[in-house]
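Reminder, nothing fancy here: chain letters follow the sequence lines and each chain counts from 1.
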Amino acid sequence: MSEGHIARHRNYGLLMKRHHRDLRIRRLAIVLIYLLLIIAITVLFLVVKKEEQHRKLQQKNERAEVTTSWVSDQDLPPSQFTIMHLS
Amino acid sequence: MSEEELRREYAILERSRRDPRAFGELYEKYFDRIFSFIYRQTDDEDVTADLCSQTFLNALRNIGRYEFRGYPFSAWLYKIATNEVNKHYRKQKTEKVFSIEEVRIRELIDQANVEWDEELIARLMNYLKDLPTEMLEVLELRFYEDKDFREIAFILDITESGAKMRTYRALDRLRRSFNLRIKYDG
């Protein structure tokens, strides 16, 4: 292949343009990855927080379950009992 | 390549790390050689232009990771070019080709100090077509690109003794078939 033929393909300006475009894409990809990471961590944090709140509420409800019974004079078992849910 | 040239090249590389425009000097210096090197392995001008551009782009992208290990910078470029060519063939799922120019064959015969005629060249060209790719690779780097065995080993990712062995075997075949005595260490 002649030198003239090869010279037709030699273009440093084009190479620099491609290099800068690649750099931009790489920077954009890094920003995107960090953004996704932050979103994922935030979502995870919210899910955990919600789950914790839900668990706390459940515990509260369990503690609020009060059973009341009466003992009559004849030492009979309670005729009725009430479960009260306190919210 | 002299020590002075190696140092000068390394200085350009150092500058290129801070400012990619400095890389232009090395691009201009090595473009033709890398282009021809790839062209001989593809025999397609457009594919060669793409691979050559990709080679320099990869070099520019990874220039921060380049470490001087006593090889000239061109060895690193040849290595990247070889990887790009291999990647191309893997993607295409086709056999690697080697285009052998008549001029190169004459140069090889000249090294053996043998009188050449058209018939010998034609026979030799036919013979080289059947040589395994790994032998053609080392012959090309050793006699057409004028690389020493350390550089060949670095470019092809083989050991230095492996590079010597491959060259020796290829030349031994030529000696047995054509009575061409080419010194394998140049």
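- In terms of non-hydrogen atom pairs under 4.5 Å with chain B, the most contact-rich of Asn11(A), Ile6(A), Asp22(A) is Ile6(A).
- Arg65(B) and Asn62(B) share a side-chain donor-acceptor pair at under 3.5 Å.
- Other residues, nucleotides and ligands contribute at most 12 non-hydrogen atoms within 6.0 Å of the NZ atom of Lys17(A).
- By the 4.0 Å N-to-carboxylate-O rule, Arg142(B) lies too far from Asp148(B) to be salt-bridged with it.
- Proximity to chain A (any heavy atom under 4.5 Å) is shown, for Arg21(B), by both the backbone and the side chain.
- Annotation: maximal heavy-atom pairing with chain A below 4.5 Å, among Ala49(B), Ser36(B), Gly24(B), Cys52(B), occurs at Gly24(B).
- There is a side-chain donor-acceptor pair under 3.5 Å between Glu45(B) and His9(A).
- The choice from Phe56(B), Phe35(B), Tyr27(B) that makes the most heavy-atom pairs within less than 4.5 Å of chain A is Tyr27(B).
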